[in-house]
Amino acid sequence: MNNRQRGAATAREAPRKPESVRNVVFVGPSGTGKTTLVERLLATSSTVPRRGSVAAGTTVCDHEPAAVEQQRSVGMAVAPLWHGETKINLIDTPGHPDFLGELRAGLRAADSAVFVVDAAEGVDEATVAVWRECDRVGMPRGVLVSRIDRPRADVVATVEACRNAFGSGVVELYLARHHEGRPHQLYGLLTGSLHDYSRGSTPTVGTAPQGMEADVEAARNELLEGIIAHSEDESLLERYLTGEAIEVGTLLSDLETAVARGGLHPVIPASAETGMGMIELLDGIVRGFPAPTERGALEATAPDGTAPRPLECDPGGPLAAEIVHTSVDPHRGRISLARVFSGTLLPDRSVHVSGHGLGERGRADHDSTERVAHVHTPFGASLHETRHCVAGDLCALTGLDSAETGDTVSDTGDPLLIQPWDMPDPLLPMALAGRSGEDEDALARNLNRLLASDPTLRVDRSTETRQLVLWCMGEAHADLVLRRLREHGVEVDTEPVRVAFRQTFRQAAAGHGRHVKQSGGHGQYAVCDIEVEPLPRGGGFEFVDRVVGGAVPKRFVGSVERGIREQLAKGLESGCPLIDVRVTLVDGRTHSVDSSDAAFQTAGALALKDAAERAGLVTLEPVDEVWVHVPDEHLGTVLGDLSVRRGRVLGTEPEGPGWTVVRAHVPSTELTRYAVNVRSLSSGSASFSRSFAGYEPLPW
């Protein structure tokens with residue numbers, strides 16, 4: 001492993017109060033330097049003796065071989081540090097859209113988010129989409145303008161771009177000062193202090209010269225007005241309007257309130273390369289971001305979904321923790337990263353593990369009693385054993401062999417269930433096949449392990465196409481899954497995904513079925529006449545008995561229906577099942593000795609085949625209803641592409657400023673790679689969802 005197992009500072013005793021914890025997730029597109037930022041923060045806080053390098057594969061967070069090789073994060077990772085008396089759990093998340101599930105897990109584990117925006121690149125549309133997602137759940141957010149030392153960096157323009165993209169709540173907390181074109185100072189708008197980085201990564205803090213006051217007055221007033229508006233502190237408003245000097249402590253307290261309410265988003269310019277802004281960011285997290293106790297109560301129920309009750313962030317409350325990430329270590333076995341929402345997790349204790357609500361992902365509901373072997377403080381790939389983990393903190397658990405991502409861990413005497421967070425739907429199918437019988441067995445075992453750790457995966461085992469189809473988030477996600485399978489010795493091939501078609505009758509027709517055999521002893525005798533007519537799409541199968549005079553005895557009418565149903569399921573011309581037909585039994589003949597259940601089943605199937613030859617069959621293809629969420633600037637491109645895919649647009653409607661939802665019916669065969677295509681059409685910003693709509697005739 002290239003990653004160095006560092007971090008003596010993590011051996012410090014775990015917090016005993018939630019107020020001493022901050023959980024912060026770093027969000028932003030790939031390439032903005034989130035992992036490098038975490039490394040610099042760890043070095044700044046002396047958690048590690050020196051910072052690692054993404055290029056060299058020595059960072060704490062990017063420890064997986066795929067991340068080291070690709071030089072980008074492929075999973076969430078936690079790296080805690082201490083700043084004064086506060087433990088800060090830094091949560092690094094991937095920026096690639098294929099790993100949105102890892103990002104959402106990081107958001108679930110955190111109480112606030114720092115959006116990392118490159119000062120030379122600005123804000124991309126995918127980041128805006130995640131911002132809107134955080135806004136919907138009220139996640140407190142701040143903005144870090146990164147790489148301000150780059151040649152094309154423009155902090156002023158980037159802050160303005162953030163304000164246009166994220167809203168007027170974006171306000172600067174520090175102003176960057178430049179000398180000979182390079183940033184060397186940060187001016188604190190609340191404190192009036194000047195942080196000078198001209199001599200290195202540790203700033204010299206002093207009072208700003210009087211001449212700078214006029215230059216920052218507008219920015220300071222904007223910050224104060226934002227704090228007043230979003231903290232709703234009327235006394236602060238009165239003092240501000242009268243020009244009274246306001247204590248820094250009061251301003252910081254109201255800043256934290258405004259950020260916690262989700263309306264104010266402070267901006268800090270920084271450079272992980274030079275270390276500028278790192279101390280300011282840590283101070284801002286501790287003094288300006290909310291503690292876990294301010295997150296609000298989380299609702300839990302009994303495992304069967306009954307008896308809902310709120311869970312406060314109380315170390316003395318009932319135990320309720322959620323598994324937000326799962327990995328497997330060759331020596332320790334399954335490692336479960338948990339966010340404790342209530343109570344205190346202790347080692348060597350029995351717990352209840354409950355997982356419900358992910359049946360559509362191929363994960364059956366389950367409840368079990370497990371024993372927590374050890375409680376650890378996670379530090380990238382390494383673990384540091386600890387004696388406890390209180391409400392509001394994060395920890396890694398070993399010994400939970402059945403725990404999966406999204407499961408709830410609670411007391412055995414008071415089992416609870418926390419509803420899992422919204423998981424993104426995997427929309428890129430990939431058909432897998434083992435190269436040998438042994439590989440097929442190993443594939444099944446390892447897929448179960450991957451499903452337990454990654455809720456954005458789904459497995460379908462189709463009896464019609466005889467394919468094992470793995471649904472992924474995109475190409476990068478699929479490549480990672482294949483790599484993980486091969487790392488565990490599974491030789492696997494991919495093949496084109498086949499779509500299951502259907503057939504129906506082109507028109508109404510009559511059919512005659514005669515099954516007569518005599519080979520000594522009892523023979524077989526059954527004759528039936530049927531009428532078949534197609535039904536509207538979605539009509540299913542109807543069977544009508546219109547026999548008169550006992551031509552087919554009642555005991556054999558059901559036999560005819562069974563034979564027809566079996567033949568419909570097997571198909572006729574091309575093996576496609578037949579759907580949407582009404583079959584009416586109108587006549588038949590029987591023999592007092594040789595007629596039987598089996599004979600009439602065969603006669604019914606023969607009658608259906610005869611009717612099909614007379615009427616002709618129509619092949620039907622599956623059609624999905626899709627909802628495409630797309631920025632208005634890409635709407636025309638997406639609509640044109642849907643038309644090429646034989647899509648039928650059912651309507652469009654606005655979805656907030658600058659966004660539109662397109663609703664359409666599209667053949668399933670045209671959607672196999674749409675998860676990749678729609679991103680390409682929209683610069684990575686559009687997304688879509690799909691559901692089965694029905695079958696329509698396949699055009700010739």
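Side chains included, hydrogens not; waters and symmetry mates left out as well; all remaining heavy atoms used. Because the structure is a prediction, the values reported are computed rather than measured.
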| message | One pair to check against side-chain contact (heavy atoms from CB on, under 4.5 Å): Val117 and Thr32. What are the steps and the verdict? | response | CA-CA 6 Å; Val117 181; Thr32 52; over 6 Å; no
| request: Hey, could you give me the CZ/CD distance between Arg239 and Glu244, rounded to the nearest 0.5 Å? | output: 4.0 Å
| message | How close do Arg40 and Glu273 get, counting heavy atoms only, and between which atoms? | response | NH2-O, 2.6 Å
| Closest non-hydrogen atom pair, Pro266 against Phe289 | CG-CE1, 4.3 Å
| query | Hey, mind stepping through Leu107 and Leu103 against side-chain contact (heavy atoms from CB on, under 4.5 Å) and telling me if it holds? | reply | CA-CA 6 Å; Leu107 293 173; Leu103 169 59; 4.3 Å; yes
| Do other residues, nucleotides or ligands put more than 12 heavy atoms under 6.0 Å from the CZ atom of Arg182? | no
| field | side-chain hydrogen bond (donor to acceptor under 3.5 Å, both in side chains) between Asp149 and Thr274, worked out | value | CA-CA 8 Å; Asp149 57 325; Thr274 66; 5.0 Å; no
| Just checking, is any N or O donor in the side chain of Ser689 or Asp425 under 3.5 Å from an acceptor N or O on the other one? | no
| request: Decide yes or no on side-chain hydrogen bond (donor to acceptor under 3.5 Å, both in side chains) for Thr652 and Thr660, but give the supporting numbers first. | output: CA-CA 7 Å; Thr652 62; Thr660 296; over 6 Å; no
| From Leu311 CG over to Ile418 CD1, what is the distance, rounded to the nearest 0.5 angstrom? | 6.0 Å
| message | Is it true that, when you exclude Asp422 itself, more than 12 heavy atoms of the residues, nucleotides or ligands shown sit nearer than 6.0 Å to its CG? | response | no
| query | Glu121 pairs by salt bridge (Lys or Arg N to Asp or Glu O under 4.0 Å) with which of Arg147, Arg150, Arg152? | reply | Arg152
| Does the side-chain contact (heavy atoms from CB on, under 4.5 Å) test come out yes or no for Val116 and Val27, once each step is laid out? | CA-CA 6 Å; Val116 182; Val27 179; over 6 Å; no
| Does atom CD of Glu247 have more than 12 heavy-atom neighbours from other groups under 6.0 Å away? | yes
| said: Using side-chain heavy atoms (C-beta onward) and a distance below 4.5 Å, is Val662 in contact with Phe688? | reply: no
| query | Does the side chain of Arg72 come within less than 4.5 Å of Val54's, by heavy atoms? | reply | no
| At their closest point, which heavy atom of Pro315 faces which heavy atom of Arg16, and how far apart are they? | CG-O, 4.2 Å
| Should His195 and Tyr174 be marked as a ring pair (Phe, Tyr, Trp, His ring centres under 6.0 Å) after you check the CA-CA gap, both sets of side-chain angles, and the distance that decides it? | CA-CA 10 Å; His195 301 219; Tyr174 290 88; 5.7 Å; yes
| said: Can a donor-acceptor pair be found, under 3.5 Å and without considering hydrogens, that links the side chain of His388 to the backbone of Pro15? | reply: yes
| field | Non-hydrogen side-chain atoms of Tyr240 and Asn221 separated by less than 4.5 Å | value | yes
| task | Report the distance from atom CG of Leu281 to atom CD1 of Ile268, rounding to the nearest 0.5 Å. | result | 5.0 Å
| query | Are Asp283 and His83 linked by a side-chain donor-acceptor pair shorter than 3.5 Å? | reply | yes
| Verdict with supporting geometry, Asp135 and Arg141, salt bridge (Lys or Arg N to Asp or Glu O under 4.0 Å) | CA-CA 9 Å; Asp135 197 43; Arg141 284 146 285 159; 3.2 Å; yes
| message | Once rounded to the nearest 0.5 Å, what's the spacing between atom CZ of Arg339 and atom CD1 of Ile91? | response | 8.0 Å
| request: Could you tell me whether Arg309 and Glu299 have a side-chain N and a carboxylate O separated by less than 4.0 Å? | output: no
| Below 4.5 Å, heavy atoms only, C-beta onward: do Glu64 and Val68 meet side chain to side chain? | no
| remark: Smallest heavy-atom separation, Thr47 atom then Ser45 atom, equals OG1-OG, 2.7 Å
| task | Before accepting this row, confirm whether a basic side-chain N of the pair Arg387/Glu13 lies closer than 4.0 Å to the acidic partner's carboxylate O. | result | no
| request: Working to the nearest 0.5 Å, report the span between CG of Leu100 and OG1 of Thr93. | output: 10.0 Å
| said: Apply side-chain hydrogen bond (donor to acceptor under 3.5 Å, both in side chains) to residues Asp254 and Thr257 and explain how you reach the verdict. | reply: CA-CA 5 Å; Asp254 280 5; Thr257 301; 4.8 Å; no
| Leu186 side chain near Pro269 side chain, heavy-atom distance below 4.5 Å | yes
| message | Angle between ring planes, His265 versus Trp131, binned at 30° and 60°: parallel, tilted or perpendicular? | response | perpendicular
| query | Considering all heavy atoms of both residues, which atom of Trp421 and which atom of Ile323 are nearest to each other, and what is their separation? | reply | CH2-O, 3.7 Å
| field | Residue among Thr377, Asn23, Asp111 satisfying side-chain hydrogen bond (donor to acceptor under 3.5 Å, both in side chains) with Asn89 | value | Asn23
| field | Inter-residue atom distance Asp118.CG - Ser146.OG, 0.5 Å rounding | value | 4.5 Å
| query | Between Glu222 and Arg163, is the closest basic N to carboxylate O distance under 4.0 Å? | reply | yes
| query | Would you say the side chains of Ser53 and Thr58 form a donor-acceptor pair under 3.5 Å? | reply | no
| message | So Asp62 and Asp92, do their side chains get closer than 4.5 Å, heavy atoms only? | response | yes
| Salt-bridge criterion met for Glu39 and Arg51 (N-O under 4.0 Å) | no
| Cut-off 3.5 Å, side chains only: do Thr127 and Asp124 have a donor facing an acceptor? | yes
| task | Output yes when Glu133 and Arg104 qualify as a salt bridge under the 4.0 Å nitrogen-oxygen rule, no when they do not. | result | yes
| query | Between Glu85 and Arg12, does at least one N-O distance fall below 4.0 Å, as a salt bridge requires? | reply | yes
| said: Ignoring hydrogens, what is the shortest heavy-atom contact between Phe26 and Lys34? Give both atom names and the distance. | reply: O-CD, 3.7 Å
| field | Criterion side-chain hydrogen bond (donor to acceptor under 3.5 Å, both in side chains) on Asp233 and Ser235, from CA distance to verdict | value | CA-CA 6 Å; Asp233 187 341; Ser235 63; 2.5 Å; yes
| task | Would you please test Glu633 and Glu125 for side-chain contact (heavy atoms from CB on, under 4.5 Å) and show each step? | result | CA-CA 11 Å; Glu633 62 189 278; Glu125 292 169 338; 2.8 Å; yes
| query | Is the shortest heavy-atom distance from the side chain of Arg287 to the side chain of Arg22 under 4.5 Å? | reply | no
| Close side-chain approach of Cys395 and Leu345, heavy atoms under 4.5 Å | yes
